[in-house]
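Values reported hereafter were calculated over all heavy atoms of this structure, with side chains retained and with hydrogens, waters and symmetry mates removed.
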There are 2 protein chains.
Amino acid sequence: MSRGVADIDDRAGFSQKRANAAAVLDYAWDRGAFTASDAIEATGLTRSTVIALADDLVERGWFCELPNARAAGEYRKGRPARRYELRSSAGVVVGVDAGQHCVTAAVADLRGRELARAYTEIDEDSAEQRLTVADTVIAKALGDIGLQERSILCVTVGVPAPTDLHGVSPEGEQGFWSRMNPGFAAHLRERGERSGWLIEVENDANLAALAEGALGAGVGASSYITLMTGERLGAGYVVDGHLVRGKRGAAGELRLLSLVEGVGSTQGIAALLRTWALEARASGTVDASSPILKTPEAKLGAEVVFRTAESGDPAALALLDRMAERLARICAVLGGLLDVERIVFSGAVADSLGLLLPRTAARLDELTHSPAPDLAASTLHGGVVSTGAVVRALQIVRANAIALEPLDPIREQTIPF
Amino acid sequence: MSRGVADIDDRAGFSQKRANAAAVLDYAWDRGAFTASDAIEATGLTRSTVIALADDLVERGWFCELPNARAAGEYRKGRPARRYELRSSAGVVVGVDAGQHCVTAAVADLRGRELARAYTEIDEDSAEQRLTVADTVIAKALGDIGLQERSILCVTVGVPAPTDLHGVSPEGEQGFWSRMNPGFAAHLRERGERSGWLIEVENDANLAALAEGALGAGVGASSYITLMTGERLGAGYVVDGHLVRGKRGAAGELRLLSLVEGVGSTQGIAALLRTWALEARASGTVDASSPILKTPEAKLGAEVVFRTAESGDPAALALLDRMAERLARICAVLGGLLDVERIVFSGAVADSLGLLLPRTAARLDELTHSPAPDLAASTLHGGVVSTGAVVRALQIVRANAIALEPLDPIREQTIPF
DNA sequence: CTGATTAAATCTAGGTGTTAAATCAACTCC
DNA sequence: GGAGTTGATTTAACACCTAGATTTAATCAG
């Protein structure tokens with residue numbers, strides 16, 4: 001569980017106050033304003049205790065006390081209750097998508113509202129560069145809203161590589177993985193320890209899965225898979241509410257799907273549709289009027305195929321059917337082996353799946369006996385990984401909140417955006 | 001987590017004493033005799049507190065106090081320490097394997113020592129019968145060692161069907177699953193509530209996986225798969241230390257493996273080797289001296305093939321190679337998709353895999369790029385499921401211990417076996 | 001405007017459980 | 001038998017929670 005997070009309290013015995021404070025804080029986390037009575041009911045503690053704890057948390061900067069009870073229209077007779085709320089500006093989290101070609105950093109408050117976002121493209125793949133680029137992108141995002149590093153409570157970095165419990169990636173083929181993750185964990189941990197924030201380095205598909213589960217098409221499902229499907233396929237599994245990582249964090253690497261009949265490679269939808277479209281054009285079977293023939297070769301990609309199919313073009317539809325067959329097989333195997341209720345398609349092509357998804361679902365239904373998993377397209381457009389990183393960072397902060405010291409509660413009302 | 005277990009305490013606020021007592025009890029669980037000083041170090045609590053808690057637990061029947069410190073040879077100077085130990089006879093757990101043809105019940109003490117075992121075969125498949133047979137088999141096992149129902153702390157039942165969080169199985173094809181699990185959960189829960197024990201109904205392969213992880217070939221691995229491979233294939237996944245169950249508990253149902261090239265059906269090793277041996281014999285390509293030709297048809301099964309192969313028979317070895325290829329593909333897909341470090345072969349044929357496993361491993365190595373999972377044969381012979389049920393029951397008792405009342409500490413020394 | 005009503009805050013006394021420090025007990029070793 | 005060592009026991013103080021009485025801040029009815 002701790003995963004690279006500094007273990008702050010290793011006492012096994014419990015401090016009652018600490019535990020109760022954690023309960024109140026946790027209750028407040030996903031709730032808006034609340035009164036002492038609300039917390040009393042939720043925690044089973046006495047009024048005196050709850051109020052003492054809440055005042056404590058106000059003093060420590062986690063809560064702010066709201067003006068008065070009746071303001072919110074929800075008036076009830078009797079003495080107005082004091083109202084508290086999690087101080088969403090008690091600190092920020094940073095979610096970084098350290099992708100192959102581009103590094104993005106998103107800064108969010110404790111409610112998950114995105115306050116800033118910055119990115120830089122990377123040309124050269126030197127290890128050094130990836131680390132320093134991440135540093136500067138984070139600094140840039142923070143700078144845009146006038147915050148300093150000490151506002152950070154947690155930084156989570158997503159990398160296109162499996163990561164173990166310490167955020168370290170294995171070598172991988174031709175060292176790709178260790179090039180993508182050249183020691184983010186160690187680098188950030190060192191800085192985090194100085195500045196007092198927690199860190200985590202996690203596989204990008206896993207973070208995407210968390211994003212979908214928290215905000216996207218995975219909401220409400222306790223078992224689902226997120227398929228990242230741009231140029232290459234990758235998956236993040238959430239089963240029984242837990243992220244499934246595997247020994248080296250490589251669960252969700254789909255290379256072995258090549259053993260499934262009719263699947264072959266692990267190329268993504270975008271890559272494959274492009275290849276197929278070029279093949280079709282070369283085969284001479286495509287109608288002369290079809291955009292698949294008319295589009296210039298350099299521009300012929302998945303987007304074109306999707307758009308062309310929507311206008312009823314038979315050649316494009318044939319390609320979609322072929323893709324549906326392939327995706328259905330992938331979903332059947334993954335969904336069948338893991339018994340998930342939903343499979344979310346995420347990544348660049350997610351917005352264009354209108355025609356493809358129903359076809360895939362129909363085919364999937366034929367392949368499976370028991371109820372097949374639902375298929376859904378991500379609603380999170382780009383930035384899934386950085387969003388997932390923010391989601392994960394918030395989870396980490398929430399789990400460790402009582403052990404953390406938030407910003408001094410001076411600049412109370414300043415929510416930059 | 002609770003999974004059919006009666007939720008005894010739903011207060012959110014914490015009782016400090018209760019939590020500390022739980023810590024001490026949990027510390028004692030997988031430890032032999034220990035002194036107060038040991039527990040002090042482990043829990044971080046004060047001597048006074050630990051001793052008070054320990055005495056409390058002695059009074060409640062969870063601990064017994066052992067004679068004196070120096071007895072155990074581990075003498076150190078100074079005043080001899082009081083020594084405590086988990087009272088393994090504080091109660092028993094019952095693990096039931098409610099298989100298709102046979103119901104087995106194992107009774108074990110809190111240390112996991114098996115005290116009794118009973119079984120009955122089932123001829124007819126009436127739902128009623130399965131429930132009552134389970135009752136009588138449990139009663140028989142208990143009776144053999146002169147215990148009464150109120151000694152039971154938890155009953156776990158393994159069924160050859162997926163189970164959801166409440167222990168309920170879906171319909172399944174031709175109602176097989178609901179015939180195998182005709183409401184064990186509801187039936188036992190009712191009885192358990194009267195007699196004060198916890199219950200759980202779980203898929204048999206999942207229980208086998210837990211058994212392997214606790215006592216068998218899965219020990220030491222945090223991510224492994226147990227393949228149950230008798231007549232039909234089934235798997236239990238443990239990834240990152242968690243059992244992976246899936247929405248309906250059907251993770252590990254391998255029907256969809258039929259989509260993998262070279263795997264085809266989900267028949268088990270025993271079933272398939274029998275079929276293949278008969279095919280080979282019919283094909284006329286088998287040497288006349290081979291036992292595969294000479295064994296009477298009714299006796300020609302997996303056992304014969306394994307034994308024959310060991311004497312170097314080419315026909316039998318060819319069958320093993322064919323099987324190795326198939327198993328390697330299964331392992332490659334499962335191991336690759338889930339990133340496990342080990343795959344354990346469990347079930348009836350586990351003892352005969354001496355020749356098959358190395359061949360499978362070699363082929364598996366070719367199929368995977370990254371380090372392939374280790375392959376291991378179960379060392380638990382028959383009874384894996386009931387053993388797993390006991391393991392699971394003990395987990396449940398451990399997790400809920402402070403909320404349970406053990407037997408009155410009267411018959412202290414009576415450990416029947 | 002006054003007093004009744006209501007709901008919540010605040011105050012107070014008491015109890016439970018933990019700690020820290022001092023003291024006592026049971027050993028061994030010389 | 002006395003010094004030395006380790007751990008149990010005792011004691012007082014403290015931390016935190018609870019329950020109940022009291023007070024406060026509001027509405028509402030007349």
Side-chain angles (χ1 to χ4, degrees), chain A residues 9 11-25 27-28 33-60 63-85 402, chain B residues 9 11-25 27-28 33-60 63-85 402:
Chain A
D9 184 9
R11 256 180 91 259
F14 287 102
S15 150
Q16 189 170 13
K17 185 170 187 184
R18 197 185 169 84
N20 284 339
V24 172
L25 183 45
Y27 165 74
F34 65 98
T35 68
S37 302
D38 296 333
I40 290 165
E41 195 189 8
T43 60
L45 298 166
T46 327
R47 163 160 263 107
S48 326
T49 310
V50 167
I51 290 186
L53 291 172
D55 286 344
D56 231 59
L57 288 166
V58 168
E59 181 152 8
R60 289 184 53 193
F63 287 176
C64 53
E65 187 168 352
L66 301 177
N68 81 61
R70 192 204 352 54
E74 30 141 319
Y75 167 69
R76 284 165 301 174
K77 32 192 177 170
R79 178 174 179 169
R82 292 173 66 181
R83 283 161 76 246
Y84 304 91
E85 191 180 34
I402 2 80
Chain B
D9 184 9
R11 257 179 92 257
F14 289 101
S15 151
Q16 189 171 11
K17 184 170 188 183
R18 197 186 168 84
N20 284 339
V24 173
L25 183 45
Y27 166 73
F34 65 97
T35 68
S37 302
D38 296 333
I40 290 165
E41 195 189 8
T43 61
L45 298 166
T46 327
R47 161 160 264 106
S48 325
T49 310
V50 167
I51 290 187
L53 291 173
D55 287 344
D56 231 58
L57 287 166
V58 168
E59 182 152 6
R60 289 184 53 193
F63 286 177
C64 53
E65 187 168 352
L66 300 179
N68 81 60
R70 192 203 352 54
E74 31 141 315
Y75 167 68
R76 285 165 302 174
K77 34 191 176 168
R79 177 172 178 168
R82 291 174 68 181
R83 281 160 78 245
Y84 304 91
E85 191 180 34
I402 2 80

Less than 4.0 angstrom between a side-chain N/O of [X] and OP1 or OP2 of [N], yes or no?
{"X": "A:R47", "N": "C:dA9", "result": "yes"}
{"X": "A:R82", "N": "C:dT10", "result": "yes"}
{"X": "A:N20", "N": "D:dC17", "result": "yes"}
{"X": "B:T49", "N": "C:dT19", "result": "yes"}

* Do B:F63 and B:L25 have side chains that get closer than 4.5 Å, going by heavy atoms? ->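 With C-beta onward as the side chain, the pair touches.
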* Beyond-backbone contact of B:N20 with A:Q16, side-chain heavy atoms, under 4.5 angstrom ->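 A side-chain contact under 4.5 Å is absent here.
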* Asked: If you take all heavy atoms of B:R47 and B:S37, which pair is closest and at what distance?
  ->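 So the minimum-distance heavy-atom pair works out to NH2-OG, 2.7 Å.
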* To do: Looking at every strand, decide which applies to A:S48 at a 4.0 Å heavy-atom threshold: base, sugar-phosphate, or nothing.
  =>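 The answer is base, as A:S48 lies within the cut-off (heavy atoms under 4.0 Å) of a base atom.
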[X] side chain to [Y] main-chain N or O, any donor-acceptor pair under 3.5 Å?
{"X": "B:R60", "Y": "B:I402", "value": "yes"}
{"X": "B:T43", "Y": "B:A39", "value": "yes"}
{"X": "B:T46", "Y": "B:S48", "value": "no"}

Sub-3.5 Å pairs of nitrogen or oxygen atoms, protein against nucleotides 13-15 of chain D:
none

* Hey, are A:R82 and A:E65 close enough for a salt bridge, meaning a charged N less than 4.0 Å from a carboxylate O? ->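 Between A:E65 and A:R82 there is a salt bridge, with a charged N closer than 4.0 Å to a carboxylate O.
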* To do: Verify the distance criterion only: is there a donor paired with an acceptor across the side chains of A:Y84 and A:D55 at less than 3.5 Å?
  =>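 Checked: A:Y84/A:D55 side chains pair up, N/O donor to acceptor below 3.5 Å.
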Show me the protein contacts with nucleotides 22-26 of chain C, counting only N or O atoms at under 3.5 Å.
residue	atom	partner	partner atom	Å
C:dA25	O4'	B:R79	NH1	3.2
C:dA26	N3	B:R79	N	3.3

* Asked: Which one, D:dT27, C:dA8, D:dA19, comes nearest to the side chain of A:T46?
  ->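 When the side chain of A:T46 is considered, D:dA19 is the closest of D:dT27, C:dA8, D:dA19.
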* Atom-to-atom span, CZ of A:R18 to P of D:dC17 - whole angstrom ->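 From A:R18 CZ to D:dC17 P: 14 Å.
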